Structures are given as C-alpha cells and as structure tokens.
K.L.:
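Questions regarding the structure given below will be posed in turn.
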Amino acid sequence: MSASATAPIGSQILTLMAALMLVLQLFIIAQRRLLTNIRLFAIQSLLLAGIAAVVAFHHAANHVYLVAGLTLVGKVVLLPWLLTRLVYRIQIHQEIEPLLNAPSSMLIGGGLTLLGYVVARPFTSMERLGNNTLAIALALVLTGFFLTINRRKALTQVLALLTVENGVMLAAVALTTYGMPLVVELGIFFDVLVAVMVLAILVYRIRENFASMDTSKLNQLKG
Amino acid sequence: MTDFPLSLLGVALWAYLAGAAGALVFQRFEKLANGFGFGMAAAGGLCGLVSCGAALASGMPVASRSIELFPALIPLVRFAIRADALGCFFGLIVSLLAVPLSVYSLGYARSYFGRRNVGVLAALFNLLLLSITLVFLADHVFFFLIAWELMALSASILVCFEHEQDESRGGAVLFFVMSHIGTAALILGFLLLFQASGSYAFTDFHALGAKLSASRRGGVFLLFLFGFGIKAGLVPLHIWLPAAHPVAPSNVSALMSGVLIKTGVYGLIRVCFDFLGAPPQWWGVAVLGLGTVSAVLGVLFALMEHDLKRLLAYHSIENIGIILIGLGAALMLLHSSHPMLASLALIAGLYHTLNHACFKALLFLGAGAVLHATHTRNMEEMGGLAKRMQWTSAFFLLGAAAISALPPLNGFVSEWFTYQSLLQGFGSTPSLIRLMFPLSGAMLALTSALAAACFVKAFGITFLAQPRSAHAREAREASLTMLLGQGLLVAVCVVLGLFPGILLKLLDPLTHQLIGERLSQRLSLAGGLVLSSGAAQGGTVSTLGIVLMLVALLAVPIVLWALFARGARTRIAPTWDCGLRGLTPHMQYTATGFSKPLRMIFKALFRPRREVQREYDLSPYFATTLRFESHVEEVFQTRVYRPLKWLVLRFSRRSRALQAGSIQAYLIYIFLTLLALLLFAL
Amino acid sequence: MNPDPLAILLQTLLLLLLAPLVSGIIKNWKAKLQNRRGPRPWQVYLDLAKFLRKDMVISEHASWIFSFAPYVLFTSALLAGLMVPTLATPAPLSLFGGALALIGLLALGRFFLALGGLDPASAFGGMGSSRDMTLSAIAEPALMLAIFTVAITAGSTDLSQICRSTQSATWRLLNPAHVLAFAAMFVVLLAETGRIPVDNPATHLELTMVHEAMLLEYSGRFLALMEWGASIKQLVLMTLLANVFVPVGLAVSEAGPGALALSLLAYLAKLLALAAAVVLVETTNAKLRLFRVPDLLSAAFVLATLALLSTFLFQ
C-alpha cells in the first residue's frame with residue numbers, strides 16, 4: 001500500500017473527522033445539560049486525537065503521535081473527568097441559561113462557520129491533507145468564542161474555552177502538517193491543564209460565595 | 001408583423017372605455033349599467049386575450065414600431081403604444097383575468113343593488129382594466145405615467161367604495177400616499193434616463209445602461225426598485241397592501257392582487273432587462289435577497305391573520321417574493337453571462353407571475369363568495385361551508401392547493417422551475433455569492449410549506465367542521481355567474497398546471513427579446529407534457545403524468561375494497577366527544593389556535609401579547625367568565641412606519657411657521673426660489 | 001427513458017408489501033430493546049386486514065374532504081415511492097419527477113391529511129393538523145438543503161441520476177458533505193414519520209400527539225388506507241436515505257435476476273440498519289416538548305447548511 005494510493009482516503013477520513021468535530025461543536029451549542037456537554041467535548045477531543053494520528057501516519061511524523069497521545073490522555077480522559085467531578089461537587093447538572101435560545105445560537109453558529117469558510121478560502125491550496133480542515137478549525141475557534149459569550153456559568157465558559165483550544169490545535173495540525181514544534185505544543189497543553197485546574201477551583205469558590213456560578217453576578221464585587 | 005393582433009388590442013382598449021362611459025351613463029338603471037359595464041369589460045378582456053395570445057404565439061419578432069392612439073394634443077406627450085413581447089405577456093395576464101372577473105362581477109355587483117351606485121363600480125372597474133393595460137403597453141414616459149396615475153386613482157377610489165367604513169377610507173388613503181411616493185421615485189428615475197437618451201420614448205431607452213456611468217446606473221436602478229417595489233408590495237414597502245386589498249369589493253381585490261401589483265414586476269423587468277441591461281452583481285443579489293425576505297415574511301404574517309381577505313393579501317406579498325427570487329436569480333445569472341440559465345430563471349419568475357394572478361384571483365373570488373354568504377371576513381365566525389357552498393369550496397380548495405405549490409397544479413410548475421434555476425445557478429460562478437442560490441432555495445421551501453400550513457388553516461377553518469356562527473349556518477351557495485367566474489379561473493389553473501408546454505411556447509418571444517434565448521424546445525419533452533430542467537440529465541417532471549398515475553393508483557384501494565371490504569358498512573355518527581354531552585362549535589380548533597405553534601416559534605418576530613382575565617366563584621379551576629385577547633405586532637408598522645410618521649408630523653408642525661398666510665410672503669418664497677434656481681443654473 | 005409498466009407494477013407491489021413489514025419490525029425491535037415481547041413483525045399486516053374488513057363510522061360533521069383525504073394520502077405516498085430507485089436505477093417513474101416532485105407529493109398527502117383532521121370538528125384533529133403542518137414546515141428547509149447538496153454534486157434533481165453519480169465514486173460516501181446531509185435527512189426522517197423525539201407513534205389519546213390525533217376519527221378501511229399510506233411514506237423516506245446516500249449494491253435496470261436479487265439483499269440490509277438506528281433513537285430518547293422540537297429541526301438545518309458549505313469547498 002503506497003502513500004499515494006491511501007492519500008485520498010486519508011484525506012477523506014481527515015475532513016470527515018474534522019467536520020464531525022464541528023458538528024459536535026454545534027451540538028455543544030445546542031445542548032443544555034452539563035454532563036452531556038462534557039461528554040461531547042470528550043468525543044470532540046477524541047476526534048482531534050484521531051486526526052493527529054492520521055496525520056502522523058501519513059507523514060511518518062512520530063512526534064505527532066505524541067500529540068495524539070497527549071490529547072487522548074489529557075483532553076479525552078483527564079479533563080472530562082476533572083470537570084465531571086466538579087459538576088458532582090457543585091451539584092448543578094443542567095442549569096445552563098444561555099443568553100440566546102438554541103435555534104438562534106445554532107443559526108449564529110452556522111453563520112460563524114460560514115465566516116470561517118470565507119476567511120479560510122484563500123489558504124485552501126496550502127494544505128496537503130484534507131481540503132477544508134483549516135476552515136473548520138477557524139469555525140471551531142469562532143463558534144467557541146461565541147459559546148464563551150453565550151454562556152453564563154463559569155463551568156460552561158471553561159468548556160467553551162477548551163473547544164477554542166481544540167480549534168487551535170486542529171489548525172496547527174492541519175496547516176503545518178507536522179504540527180507546531182513539540183515544545184510549543186507541550187507548553188500550550190500544560191497551560192490549558194493548569195488553567196482548567198485554576199478555573200475549576202475558582203468556579204468552586206464563586207459557587208461557594210455567591211451560591212451560583214453565574215459570572216454576571218461577579219459585578220457585585222464592586223462594592 | 002401583421003396588424004391584426006394589434007388592431008384587436010385597440011378594440012379591447014376602446015371596449016373598456018366604452019364600458020366605463022356606458023356604465024356611467026346608465027347609472028340610474030342598475031341592471032343595465034351592471035350588464036353593460038361588466039359585459040363590455042368581459043368583451044374587452046376577450047379581445048385582449050386573443051390579440052396578445054396570437055401575437056405571442058406567432059413568435060413575434062421584437063415589435064419596434066409604436067402606434068399613436070391620438071395625435072399629439074399636448075407638446076411632449078405622445079399617446080403611443082407598442083406591443084412588444086413583454087408588454088403582450090402582461091397584457092395577456094390582465095386580459096385573462098378580465099374575463100372571469102367580469103363574469104363574476106355580474107353576479108357579485110347584484111348585492112350592491114339598491115345600496116350603492118353600481119354604475120360607478122362598473123365604470124371604475126373598466127377604467128382600472130384600461131389603465132393597467134395601458135401601463136403595460138405605453139411607449140412613452142408621460143403616457144406611462146398618466147396611465148400609472150390613472151391606475152392608482154381608480155384603484156384607490158375602488159378601495160373606498162364602501163366609504164362609510166373607516167377601514168376602507170384608511171386603506172385608500174394609505175394606498176394613495178404610498179403610491180405617490182413611489183411615483184415620485186419613478187419620475188426621478190425616468191428623468192435620469194432622459195438625460196442620457198434625450199427622448200421620452202421607451203424605444204429610445206433600450207440598452208441605455210451602457211451610456212450611463214456605473215454610479216448613475218446604480219442610482220437609477222435603486223429609484224426604480226423603490227418605486228416599483230412599492231407597487232409590487234415588496235417588504236418593507238408593503239404596508240399599504242394588507243390595508244387596501246381586503247377592504248375593496250372582492251372582484252376589485254382580485255384584480256388588484258392579481259394584476260395591479262404585477263405592474264411593479266413589469267416595471268422592474270422593463271427597467272432591468274430592457275433599459276439598463278448588463279446588470280452588475282449587486283442588483284441580482286439585492287433583488288434575490290429582497291424577494292426571499294418578502295416571501296418568508298409575507299407568509300409568516302399571513303399565518304397570523306384570521307381575516308380571510310387580509311390573509312390572502314399577505315400571500316400576495318409572499319408570491320411577489322417568489323417571483324422576485326426568479327428575477328433576482330435571472331439578474332445574477334445574466335451578470336455571470338449564463339444567458340440560458342438566466343432565461344430559465346426569468347421564465348420561472350414570469351410563469352409564477354401568471355400563475356399567481358390566476359390562483360390569487362380565484363381565491364379572492366372565493367373569499368368574496370364567502371363574504372357575500374356570511375357577511376363577515378372573520379374566519380372565526382365561519383366553518384361548515386363545504387356542505388353549504390359545495391362548488392365554491394371545491395374551487396377554493398383547488399386554488400389553495402395551487403398556491404401551496406402542490407403537484408400537479410400550476411404553482412408547483414413555476415416553483416419547480418425556480419428550484420431548477422437556483423440549483424443550476426449554484427454552478428454558474430465560483431465566487432462565494434453563489435451560496436445565495438441554495439439558501440434562498442431553502443427559504444423558498446420554508447415558504448411553500450408555511451403557505452400549505454396557512455391554506456390548511458384558511459380552508460379548514462372556513463369551510464370544514466361545524467359552522468361557528470348563525471350566518472355561517474345559513475350560508476347559501478353563490479349565484480351562477482359568480483360560480484362561472486371562479487370555474488373559468490379553475491380551468492386556467494388546471495391547464496397551466498397540466499399543460500405547461502403551452503405557456504413555455506408563448507414565453508419564447510419574451511426571453512428572446514430580453515435575453516436572446518428561446519428555451520421552450522429545451523425545456524419541454526414529449527410535446528410539452530414532460531418538463532426538463534434544460535440541463536442534460538438534469539431532471540424531468542410531468543404534471544400530467546402525475547395526475548394519470550394518481551388516478552391509476554386508485555386501482556389499489558379499489559382492489560382492496562373488492563378483496564376485503566365487501567361486507568363492510570358505513571355509519572354516520574357524532575364525532576367522539578370524550579364522554580361530554582356532544583360537541584359544540586366552540587370546542588373546535590380556531591384559526592388563532594391553529595397558528596399558535598408558529599406564533600410561539602417565531603415570537604421574536606411577532607411579539608405576541610396576550611391578556612387573560614378570568615373570574616371564578618369557588619375554585620380557580622371553574623371559571624365563570626373568561627376573556628382572552630391576543631395581539632400580534634406587524635414589526636414594520638411599529639418599528640419603521642410609526643417613527644417615520646412621527647418624524648414627518650413633527651417636521652410639518654415646525655414648517656408651519658412658514659405658512660404666514662399673507663400673499664406677499666408666498667410671493668417672496670416663489671421669487672427667492674426663482675432666484676436660487678437662476679443662480680444654480682449659472 | 002419511457003416508463004416501463006412491468007417495473008411500475010413490481011415496485012408498487014414491493015412498496016405495498018414491504019412498508020407494513022418495516023413498521024412491524026421497528027415496533028418489534030423497539031419492544032425487544034425495552035424488555036418487552038412486543039407484537040410479531042407481521043402483526044401490522046393482520047391489523048390492516050382487520051381494519052379493511054371492519055365497518056366504518058364517519059362523523060356527522062365531516063364533508064367530502066374527509067372521505068377524499070385517505071385516497072390522496074395513499075396514492076400520493078405510493079406515487080412518490082415510484083420515483084425513488086429501490087432495486088435498480090432508474091426508478092420506474094424517473095421521467096415523471098425527481099426529488100422536487102417527491103417533496104411535492106408528500107406535501108400533497110400531508111395537506112389532505114391535515115384537512116381530514118380538521119373536518120370532523122374535533123379539537124384533537126385540529127390540534128394534530130396544526131402541529132403537523134407547523135413541524136413539517138420547519139423541517140422543510142433542512143430537507144430541501146440536504147437534497148440540494150446531493151443534487152448539486154450530481155447536477156440533477158433526478159433521484160436515479162443522483163444515485164448513479166454517488167455510485168460512480170464510492171469514496172464520496174465518506175465526503176463530509178455527504179455525511180452531514182445524511183445526518184440532516186435522518187433528523188427530517190424522524191420528524192416526518194412522527195418518531196419519538198418529535199412525536200410518539202405509540203399513543204392515541206395524549207395531548208402531546210401529532211400524527212395519531214389527525215387519524216382519531218378515521219376507522220375501518222379509511223383508517224387502513226391512512227396507516228398504510230403513512231407506512232409507505234416512511235418506507236419512501238427510508239429508501240431515499242438508503243439508496244440516494246448509500247447506493248451500495250444498487251443494480252442498473254438492464255441487470256439480470258442475479259444482480260437484482262443481490263440488490264434486493266443489499267436494499268433490505270440497508271433498511272434494517274436504518275430501522276435499527278430509528279429504534280435506537282426512539283428508545284434512548286424522551287419525547288421533546290413541542291416547543292423544543294424547533295431546536296432539533298434547526299440543528300438539522302444547520303447540519304444541512306454545513307453540508308452545503310463542505311460541498312462548496314470540496315469542488
């Protein structure tokens with residue numbers, strides 16, 4: 001099996017997985033239950049790990065396998081576990097009150113995706129594997145941003161931030177093929193891990209002090 | 001070109017004029033005025049139909065000759081008409097409607113005997129037909145504007161025919177004001193065109209766009225889009241339409257919704273394809289976008305109505321939107337130089353123009369018959385009419401199915417062409433704007449599904465189930481002429497649906513004139529019984545085939561009956577009432593209830609307000625009295641027009657200071673204006 | 001290209017006979033998955049035969065529309081089915097219409113079904129009609145966009161052409177556009193056939209029901225036509241998903257009996273897989289509140305839009 005014969009199939013699988021990441025992102029936008037959201041994020045990260053593995057396989061780039069493995073361990077297992085535990089600790093399961101209702105936020109998500117496609121269009125020729133992964137990555141970042149704005153609870157904002165990060169990783173894998181230098185990737189990775197831990201503690205504290213995780217209540221701190 | 005068809009067209013015009021004059025002369029004798037006025041209108045329609053049809057069928061070369069009706073009495077104004085393919089097609093529409101509408105009016109006007117001046121009604125009806133026909137045929141700017149104003153004037157008088165009702169007067173005034181704002185824009189547009197051509201003849205405006213600078217062309221386009229958009233009832237310029245159409249007598253409503261608003265469509269086609277030509281991309285985008293918005297919003301507002309005629313009026317807005325989707329697609333495709341596809345899109349738009357004229361007129365006539373029988377336009381007081389007005393209900397059902405784009409009727413055919421042009425349009429350009437095509441296709445799908453929902457409501461609440469009022473219980477079938485008028489339109493709808501090849505052939509000279517393509521050969525297979533999308537292997541449809549197969553498949557139930565159900569009997573029994581003591585009409589679903597889910601889903605648009613007051617004695621579960629009120633806002637009314645009105649009023653109040661009341665002051669104003677103009681000319 | 005009477009007859013029979021079986025299998029499997037024994041898969045045939053033999057009760061308020069609706073619903077669903085390729089391309093009535101005619105015919109059936117619901121003056125029927133028309137209207141853009149996506153790729157609205165073009169490039173099955181459009185269509189399938197997140201096919205007198213509410217006043221042979229028509233419509237939509245999106249094993253019309261038999265096997269396998277998916281969704285989900293259904297359908301719309309966007313970048 002030569003690489004040239006598998007390339008179209010690899011490319012197909014890659015774009016398919018990237019597209020599914022986007023679909024999951026939209027599900028996260030529409031979904032109200034915290035635990036489901038966390039699981040959806042885990043599946044999305046699993047897809048990211050899969051994409052990294054496919055890229056690694058096609059270019060025989062061993063260090064990208066490491067990225068895939070780290071994603072698997074960190075974002076598919078560790079972070080969801082952490083967040084799930086947090087959900088159980090603060091005893092809030094589905095109290096998400098988005099600013100906009102599901103259909104309109106879905107439509108906005110669709111619009112942002114369109115924007116991502118438009119912006120990424122000039123760059124499509126630069127990619128080697130998968131035609132529109134960059135567009136999808138951009139769309140992930142944009143919709144993730146929208147998600148952070150649309151959600152009120154600190155926990156879901158953390159989740160939204162994580163999806164943004166997934167988008168960035170996807171762009172890194174898609175655009176440069178070999179990923180970023182390993183050190184940078186590791187740096188980002190641990191940054192995120194630490195950030196989530198800090199945020200988790202913060203969420204817990206906000207919850208304890210205000211009996212709510214609604215970040216809009218933080219304006220009461222002004223005194 | 002032989003002179004036969006054109007001279008017959010002249011006869012039609014004179015017949016309308018004679019009908020108008022005769023009806024006024026005989027106004028003392030109601031029956032005579034009625035018979036003569038509407039009889040002449042029918043005769044004129046027949047002549048126009050034959051002449052326009054014959055001219056189009058002959059595959060006319062572009063008629064470049066215009067004919068003077070009278071010698072020029074006034075300098076600058078030439079009363080010249082020219083029957084080119086575009087004018088003939090729209091002339092065909094108005095003539096096609098004139099016949100059944102006049103026949104219907106013969107019976108409908110009888111309800112005004114002794115109450116109102118039927119002579120005036122018949123005269124104005126003729127005048128309206130005459131002016132609309134002249135709008136389509138005029139070959140001179142001033143003649144066009146005279147016909148245009150005559151049309152607005154006669155229509156607005158007809159709108160307030162039942163003038164003691166506030167609603168009628170309000171509708172007429174709103175129509176008149178909006179119409180004039182539009183005319184002002186048109187005059188400006190024509191003057192800009194005149195600057196380039198140096199002549200007021202339409203023939204000299206042909207392909208004038210090349211001589212104009214890009215910005216000036218854009219300005220002219222916008223002025224005409226605004227002016228004709230008002231007449232067509234384009235969102236957000238539509239507010240006059242639901243106010244004016246429902247309050248007019250029903251035969252006039254049919255004429256207004258069927259043809260009058262199509263003068264806007266005619267004007268847009270004339271300006272964009274004939275005068276300006278070579279459209280830049282944004283024109284197509286603008287028209288397609290506005291069309292899509294009009295289609296969706298029109299049907300959504302229609303869904304909230306429970307006044308039968310207002311509901312139909314809002315549907316006119318929707319259908320104008322669908323027509324403009326075709327036109328916009330044609331403009332975009334013309335820009336990306338795909339004349340074949342542009343013709344397809346234009347055909348889709350024009351086909352729908354004719355279709356909408358037929359089924360909307362049919363529906364308004366049906367609504368008129370219902371209004372005549374029940375004395376109300378409120379659907380909540382109707383019901384059960386299918387048993388009492390069998391023919392009217394069958395005709396209305398057919399019209400409802402046609403407007404909901406259900407196969408195999410004519411609405412389906414034109415929407416099929418629209419979808420095909422949108423689908424093929426996607427491949428016409430690599431730029432991103434092509435996403436407009438499938439997205440407006442999706443919105444069109446939403447529109448026709450919502451239209452189906454709306455007409456299930458309109459037909460179901462009006463004609464089915466138990467009568468909701470005493471009037472509805474005592475309703476009787478309409479008179480023979482009224483039924484005949486509706487029947488003729490039903491026949492037209494069926495023919496346009498099942499034999500689309502006929503109209504495609506008639507549209508050939510039109511697309512040839514405007515774009516330079518003849519498509520009927522490509523679009524019709526098997527002698528016009530099967531339609532093709534024009535692309536190789538692009539898809540076919542046959543409405544006649546669908547009908548035949550539906551009938552053939554009836555064999556299945558028949559065989560099943562024979563095999564299984566031979567001994568089965570049928571029993572008539574009360575509807576199941578959950579063990580109560582029988583169902584009353586109040587327990588039925590209402591029109592308001594029917595559209596409630598959509599009102600909730602689109603509440604951001606409708607902003608429904610509800611008010612419930614209940615009184616109870618002992619337990620809150622057993623209310624003694626209950627009052628429920630629900631309102632829906634028309635967003636444009638509250639958000640755009642009310643502030644605008646307020647601004648205008650405030651400005652007028654301020655400017656009252658200028659009105660000193662002394663002659664000298666006014667003379668000074670005039671003098672100063674003169675001086676300013678002279679200085680400006682320096 | 002002319003319609004072949006034998007093919008029409010055979011496909012009509014196939015649709016008539018297979019449709020109740022598919023409904024029966026879904027019912028049976030659903031019961032199994034919920035630890036019930038459930039009716040046997042062929043129970044639906046017996047039900048239909050019984051309905052056909054029974055006497056009819058017609059409401060005293062009903063007009064001719066009420067008796068007319070079952071025929072329209074039944075024949076339009078059947079005719080729509082003749083435009084979809086089941087075992088071989090082209091479908092027997094490709095010439096008479098493609099995807100657009102199919103959507104139109106289903107709309108025709110729904111139109112009369114809703115009128116039939118309103119006719120007997122019962123509040124249940126009116127409620128069902130109102131909700132059915134609302135939900136189908138919101139499902140329509142997603143359906144149309146999904147069909148546009150595949151039609152644009154194939155350059156045709158003819159379903160047989162679409163099948164062939166997908167067949168000629170099997171790798172396209174993995175194309176994101178294709179997968180997303182499939183997902184959107186699946187949601188539309190659930191909505192249009194009254195499946196659980198949208199409607200509950202198993203209940204009769206419940207305030208949340210949609211489709212069954214409209215049938216409440218129907219009895220005897222009209223009820224048989226209505227039920228049968230609904231199951232044919234379900235089969236047609238499932239065939240659309242199975243053959244247009246995954247045309248694996250689909251034969252060409254000139255193929256011999258061997259190829260046709262193979263095609264039949266493939267077709268049945270795909271239908272069963274789809275039925276299993278439907279059963280899984282029905283069992284693992286609760287029925288959505290009526291005003292939550294638009295969330296689901298707007299998700300389908302966004303999926304279809306994404307499908308379209310992906311086609312756009314993929315060319």
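To find a chain, count down the sequence lines: A is the first, B the second, and so on, and within it residues start at 1. Since this is a predicted model, take the numbers as computed values, not measurements.
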K.L.:
If you count heavy-atom pairs within less than 4.5 Å of chain B, which of C/Ile147, C/Thr12, C/Leu105 leads?
P.N.:
C/Leu105
K.L.:
Kindly give the heavy-atom pair with the smallest separation between C/Glu60 and B/Ile572, and that separation in Å.
P.N.:
CA-CG2, 3.7 Å
K.L.:
Measure distances from C/Phe74 to the heavy atoms of chain B and classify the residue's part below 4.5 Å as side chain, backbone, both or neither.
P.N.:
side chain
K.L.:
Is the positively charged end of C/Arg53 above the ring of B/Phe564, judged by distance under 6.0 angstrom from the centroid and angle within 45° of the axis?
P.N.:
no
K.L.:
Heavy-atom pairs under 4.5 Å with chain C - which of B/Leu529, B/Leu560, B/Thr447 has more of them than the others?
P.N.:
B/Leu560
K.L.:
Pick from B/Ser532, B/Pro557, B/Ser595: which one has the most heavy-atom pairs with chain C under 4.5 Å?
P.N.:
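Highest number of heavy-atom pairs under 4.5 Å: B/Pro557.
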K.L.:
Using a cut-off of under 4.5 Å for heavy-atom pairs, which of B/Pro438, B/Gly384, B/Gly460 has the most such pairs with chain C?
P.N.:
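It is B/Pro438.
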K.L.:
Quick one: what part of C/Thr149 sits under 4.5 Å from any heavy atom of chain B, side chain, backbone, both or neither?
P.N.:
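For C/Thr149, there is no contact with chain B at all, as no heavy atom is under 4.5 Å.
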K.L.:
Considering only heavy atoms, which portion of B/Thr570 lies under 4.5 Å from any heavy atom of chain C: side chain, backbone, both, or neither?
P.N.:
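Both backbone and side chain.
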K.L.:
Give the ring-plane orientation class for C/Phe148 versus B/Tyr419, where under 30° counts as parallel, over 60° as perpendicular and anything between as tilted.
P.N.:
perpendicular
K.L.:
Taking every non-hydrogen pair under 4.5 Å, which of B/Leu544, B/Leu550, B/Leu397, B/Leu444 racks up the most with chain C?
P.N.:
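Of the candidates given, the most pairs with chain C belong to B/Leu550.
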K.L.:
Can you establish whether the number of heavy atoms outside C/Arg289 located under 6.0 Å from its atom CZ is more than 12?
P.N.:
yes
K.L.:
Among B/Lys457, B/Met549, B/Met587, who wins on heavy-atom pairs under 4.5 Å with chain C?
P.N.:
B/Met549
K.L.:
Between B/Thr543 (side chain) and B/Gly497 (backbone), is there a donor-acceptor pair under 3.5 Å?
P.N.:
yes
K.L.:
Which bit of C/Phe301 comes within less than 4.5 Å of chain B, counting heavy atoms only: side chain, backbone, both or neither?
P.N.:
side chain
K.L.:
Taking the six-membered ring where the residue is Trp, are the ring centres of B/Phe463 and B/Phe459 under 6.0 Å apart?
P.N.:
yes
K.L.:
Checking B/Ala452 against chain C: side chain, backbone, both or neither under 4.5 Å from a heavy atom?
P.N.:
both
K.L.:
Identify which part of B/Val530 has an atom lying under 4.5 Å from any heavy atom of chain C, answering side chain, backbone, both or neither.
P.N.:
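The answer is the side chain of B/Val530.
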K.L.:
Centroid-to-centroid, C/Tyr71 to C/Phe222, below 6.0 Å?
P.N.:
yes
K.L.:
Heavy-atom distances under 4.5 Å only: say whether B/Ala451 touches chain C with side chain, backbone, both or neither.
P.N.:
neither
K.L.:
Please identify, among B/Leu446, B/Leu303, B/Val456, B/Val551, the residue contributing the most non-hydrogen atom pairs under 4.5 Å to chain C.
P.N.:
B/Val456
K.L.:
Quick check on B/Ser448 against chain C: is it the side chain, the backbone, both or neither that has a heavy atom closer than 4.5 Å?
P.N.:
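Answer is neither: B/Ser448 stays 4.5 Å or more from chain C.
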K.L.:
Parallel, tilted or perpendicular: which one describes the rings of B/Trp391 and B/Phe395, with boundaries at 30° and 60°?
P.N.:
tilted
K.L.:
Looking at C/Val188, C/Leu296, C/Leu288, which one forms a side-chain contact (heavy atoms from CB on, under 4.5 Å) with C/Val198?
P.N.:
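Only match with C/Val198 under side-chain contact (heavy atoms from CB on, under 4.5 Å): C/Leu296.
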